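A quick write-up on the structure given underneath.
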There are 2 protein chains.
Amino acid sequence: MTPNEKITTNGLRLTAPRKKILAVFSHQAHPISFEEYASLDTTMDKSTFYRNMQTFEAANIIQGIESDEGKRYFELSDTIHPHFVCQQCHNITCLDETPIPKLNGYHVNSITYKGQCPQCSDL
Amino acid sequence: MTPNEKITTNGLRLTAPRKKILAVFSHQAHPISFEEYASLDTTMDKSTFYRNMQTFEAANIIQGIESDEGKRYFELSDTIHPHFVCQQCHNITCLDETPIPKLNGYHVNSITYKGQCPQCSDL
DNA sequence: ATTCTAATGCAACTCAGTTGCAATTAACCT
DNA sequence: AGGTTAATTGCAACTGAGTTGCATTAGAAT
């Protein structure tokens, strides 16, 4: 599905900010915060960004995850995978090869591990 | 280890707020936010609470987890177990029987599942 | 082309969590 | 036991991620 199709098939209007947002996210290998997004698209308005994050989350186009520093990070939700949040360096890693365990009775959308990443464990 | 020992073995001073905090947390079956804590201990100061959460997290006495609403929840860290955050009703459930999977190279301290809990899935 | 309504952009706001600092007090030492 | 000192408290002021109100803009449908 093309970025434009993702937008229109959900009954959403095809606007310039939305196309830009999906274009920027398609180049990311990790979830990013608004702060990081803004450094890649300096003209984006904060409200427009956050409102579209809510819209895209509801439409299952984008997925948000909470860092250990009380900030939200976002990424495209077309590849579902666990994340690792390092409590020392605060980086968020995608665990692309790690399966998501099932839980009886629960509908699991995502998993987040917290701890020390390999770099920080070695020190 | 008694609550008082938890405090003193870490070189921390045995103060009234700290004893109260550990007493209140010892009665909780779920992680709680400051808002919930404050309803159980109406005289606790916000700064004192948050500063002690940092101190207790560093001393491994208390563990914090991030809700999907950008708030921190806290619980005693003597029973390590995964948590489930419901994205619909926003309740945080302790998954006491669920094991914490290992991850090669990473030091895992906690796991959080997100999705819909059984109650919200049934609707 | 016109209309209608969703979406944008700006400024003002909210509120969880933090920080500065003076007052307090736990722990240590004769 | 009383005095000293540094950790801790409690209050008020601050911070900053995220939200909201509202007038303006611009998709999309007729």
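Since the model is a prediction, treat every value here as computed from it, not as a measurement. The sequence lines fix the lettering, A, B, ..., with proteins before strands; numbering per chain opens at 1.
- Under a 3.5 Å cut-off, the side chain of A:Asp45 and the backbone N or O of A:Ser47 do form a donor-acceptor pair.
- Distance alone, capped at 3.5 Å, places no donor-acceptor pair between the A:Arg72 side chain and the B:Gly70 backbone.
- Connection of B:Tyr50 to B:Leu76 is established within a shared hydrophobic cluster, with ILVMFWY side chains joined at heavy-atom distances below 4.5 Å, either directly or through further cluster members.
- Note: the hydrophobic cluster containing B:Tyr73 does not contain B:Leu95 (ILVMFWY, side chain heavy atoms under 4.5 Å, direct or indirect links).
- The minimum heavy-atom distance linking A:Cys86 with A:Gln116 is given by the pair SG-CA, 4.0 Å.
- Put simply, the side chain of A:Arg51 and the base of D:dG18 share no donor and acceptor less than 3.5 Å apart.
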Begin with the C-alpha distance, continue with both residues' side-chain angles, and end with the deciding distance and a verdict on salt bridge (Lys or Arg N to Asp or Glu O under 4.0 Å) for B:Lys71 and B:Glu36. CA-CA 12 Å; B:Lys71 258 161 109 178; B:Glu36 289 173 89; over 6 Å; no

For A:Glu75 and A:His81, what are the C-alpha separation, side-chain angles and deciding distance, and is it a side-chain hydrogen bond (donor to acceptor under 3.5 Å, both in side chains)? CA-CA 11 Å; A:Glu75 73 177 351; A:His81 50 254; 3.2 Å; yes

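- The overall bend of the helix from C:dA1-D:dT30 to C:dT30-D:dA1, read as the angle between its terminal helix axes built from five base pairs each, is 40° when rounded to 10 degrees.
- Between the OH atom of B:Tyr50 and the P atom of D:dC14 there is a distance of 20 Å, rounded to whole Å.
- Counting to the nearest Å, the P atom of C:dA6 and the CG atom of A:Asn10 are 16 Å from each other.
- The nearest pair of heavy atoms linking B:Gln28 to B:Leu40 is NE2-CD1, 3.4 Å.
- The stretch residues 22-49 of chain B touches DNA chain C through B:Lys46, B:Ser47, each having a heavy atom under 4.0 angstrom from the strand.
- The side chain to side chain donor-acceptor pair (under 3.5 Å) search around B:Thr42 returns none, not counting sequence neighbours.
- Note: the hydrophobic cluster containing B:Phe84 does not contain B:Ile92 (ILVMFWY, side chain heavy atoms under 4.5 Å, direct or indirect links).
- Legend: residues meeting ring pair (Phe, Tyr, Trp, His ring centres under 6.0 Å) with A:His30, ordered by chain and number and at least two apart, are absent.
- For A:Lys19 and C:dT8, the NZ to C1' distance is 14 Å, given to the nearest whole Å.
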Given protein heavy atoms under 4.0 Å, the one-letter contact record of nucleotides 24-30 of chain D, with B base, S sugar-phosphate only and - none, is simply --BBS--

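- Of the residues in residues 54-75 of chain A, those placing a heavy atom less than 4.0 Å from an atom of DNA chain D are A:Gln54, A:Lys71, A:Arg72, in numerical order.
- Here the shortest heavy-atom pairing between A:Cys94 and A:Pro31 reads SG-CD, 3.8 Å.
- Spacing between atom CG of A:Asn52 and atom C1' of C:dA6 amounts to 11 Å, rounded to whole angstrom units.
- Atom-to-atom distance recorded for B:Asp41:CG and B:Ile21:CD1 is 8.0 Å, nearest 0.5 angstrom.
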